[in-house]
Amino acid sequence: GAGVSQSPSNKVTEKGKDVELRCDPISGHTALYWYRQSLGQGLEFLIYFQGNSAPDKSGLPSDRFSAERTGGSVSTLTIQRTQQEDSAVYLCASSFYGNTEAFFGQGTRLTVV
Amino acid sequence: GDSVTQMEGPVTLSEEAFLTINCTYTATGYPSLFWYVQYPGEGLQLLLKATKADDKGSNKGFEATYRKETTSFHLEKGSVQVSDSAVYFCALKLTGNQFYFGTGTSLTVIP
């Protein structure tokens with residue numbers, strides 16, 4: 001597609017439920033990133049995929065969070081047993097390999113009630 | 001480790017005022033440097049970038065120069081407009097690594 005696509009754009013879930021957030025990167029981009037932006041806060045790194053290399057998971061805040069990237073393209077971020085503190089905007093970005101700029105999707109606003 | 005330190009806000013300026021948002025970085029290698037902007041209700045957009053020392057990135061009247069000697073990448077604009085009201089993020093990237101973002105600086109321009 002023309003840009004990074006994320007779905008859903010908004011998600012309201014009950015505490016304790018699992019959620020899946022999807023990211024469809026720009027075609028040809030080998031790198032994919034997930035960040036989290038809480039209200040009025042900066043960007044918190046979650047996970048980074050680069051080609052077929054093992055992902056950098058160092059930013060995942062707990063073992064309730066996991067992500068995968070199938071076929072080097074679409075990525076899914078899964079949050080199990082959601083908590084209220086998980087409420088945030090989850091941003092996905094993609095880029096070519098190297099020090100090139102990342103292109104961001106519009107984000108998924110997750111609200112845990 | 002690698003990191004970005006960004007001037008804290010919020011910043012409020014009158015239209016046509018001069019803008020500077022300070023950004024300094026710490027990096028183990030030779031990073032590329034970026035400024036991203038987030039307009040109200042929108043996602044992050046690349047504003048400008050510089051890939052090596054002494055490069056100047058520019059876009060929409062904004063400029064930033066990659067200063068290796070001071071490890072800085074300060075954002076400047078000579079005359080801000082109301083439409084520049086947004087949150088500005090400084091970021092660095094090393095090959096094979098994630099992007100490291102500053103905490104963001106909120107700018108409000110009043111008529």
Side-chain angles (χ1 to χ4, degrees), chain A residues 2-7 9-10 21 23-26 29-60 67 69 75 88-109, chain B residues 1-10 21 23 25 27-53 55 57-59 64 66 73 86-108:
Chain A
V4 178
S5 178
Q6 291 188 246
S7 61
S9 55
N10 280 284
L21 312 180
C23 173
D24 201 340
I26 293 173
H29 281 187
T30 57
L32 187 147
Y33 317 79
W34 284 98
Y35 287 83
R36 178 167 73 174
Q37 187 175 30
S38 301
L39 187 63
Q41 301 297 310
L43 278 74
E44 177 187 4
F45 168 69
L46 296 177
I47 189 168
Y48 163 52
F49 296 89
Q50 173 53 56
N52 295 321
S53 302
D56 177 358
K57 304 180 181 179
S58 61
L60 294 178
R69 188 178 184 193
S75 177
V89 176
Y90 289 81
L91 297 170
C92 176
S94 70
S95 73
F96 290 111
Y97 179 74
N99 288 358
T100 58
E101 65 265 31
F103 294 83
F104 281 80
Q106 292 296 305
T108 294
R109 181 175 299 278
Chain B
D2 303 321
S3 66
V4 173
T5 300
Q6 189 175 336
M7 169 179 160
E8 295 205 8
I21 301 178
C23 172
Y25 67 89
T28 52
Y30 300 97
S32 291
L33 302 174
F34 307 86
W35 277 100
Y36 279 83
V37 59
Q38 187 173 34
Y39 297 105
E42 298 186 13
L44 269 77
Q45 305 173 23
L46 179 69
L47 180 60
L48 53 84
K49 68 176 182 180
T51 58
K52 61 183 187 298
D55 270 2
S58 61
N59 186 24
Y66 189 143
F73 193 55
V87 180
Y88 293 82
F89 293 91
C90 185
L92 72 82
K93 173 91 167 61
L94 289 156
T95 300
N97 280 342
Q98 53 159 303
F99 283 80
Y100 293 87
F101 286 89
T103 52
T105 301
S106 174
L107 170 67
T108 301

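All values derive from a computational prediction rather than experimental measurement.
Under the 4.5 Å side-chain criterion, counting only non-hydrogen atoms from C-beta, Leu44(B) is in contact with Leu43(A). By the 4.5 Å heavy-atom criterion applied to side chains, Phe45(A) and Phe101(B) are not counted as neighbours.
Contacts from residues 35-42 of chain B to chain A, taken as heavy-atom pairs separated by less than 4.5 Å, involve Tyr36(B), Gln38(B), Glu42(B) in sequence order.
In terms of heavy-atom pairs under 4.5 angstrom with chain B, the leader among Thr100(A), Ile47(A), Leu91(A) is Thr100(A). Most heavy-atom pairs under 4.5 Å with chain B, from the set Glu101(A), Gln37(A), Gln106(A): that is Glu101(A).
For Glu8(B), the CD atom sits in a loose shell: 12 or fewer heavy atoms of surrounding residues, nucleotides or ligands are nearer than 6.0 Å.
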Donor-acceptor contacts, no H, no angles, side chain residues 93-100 of chain B, under 3.5 Å, sequence neighbours left out:
| unit_1 | atom_1 | unit_2 | atom_2 | d |
| --- | --- | --- | --- | --- |
| Lys93(B) | NZ | Gly98(A) | O | 3.1 |
| Lys93(B) | NZ | Asn97(B) | O | 2.8 |
| Thr95(B) | OG1 | Asn99(A) | OD1 | 2.8 |

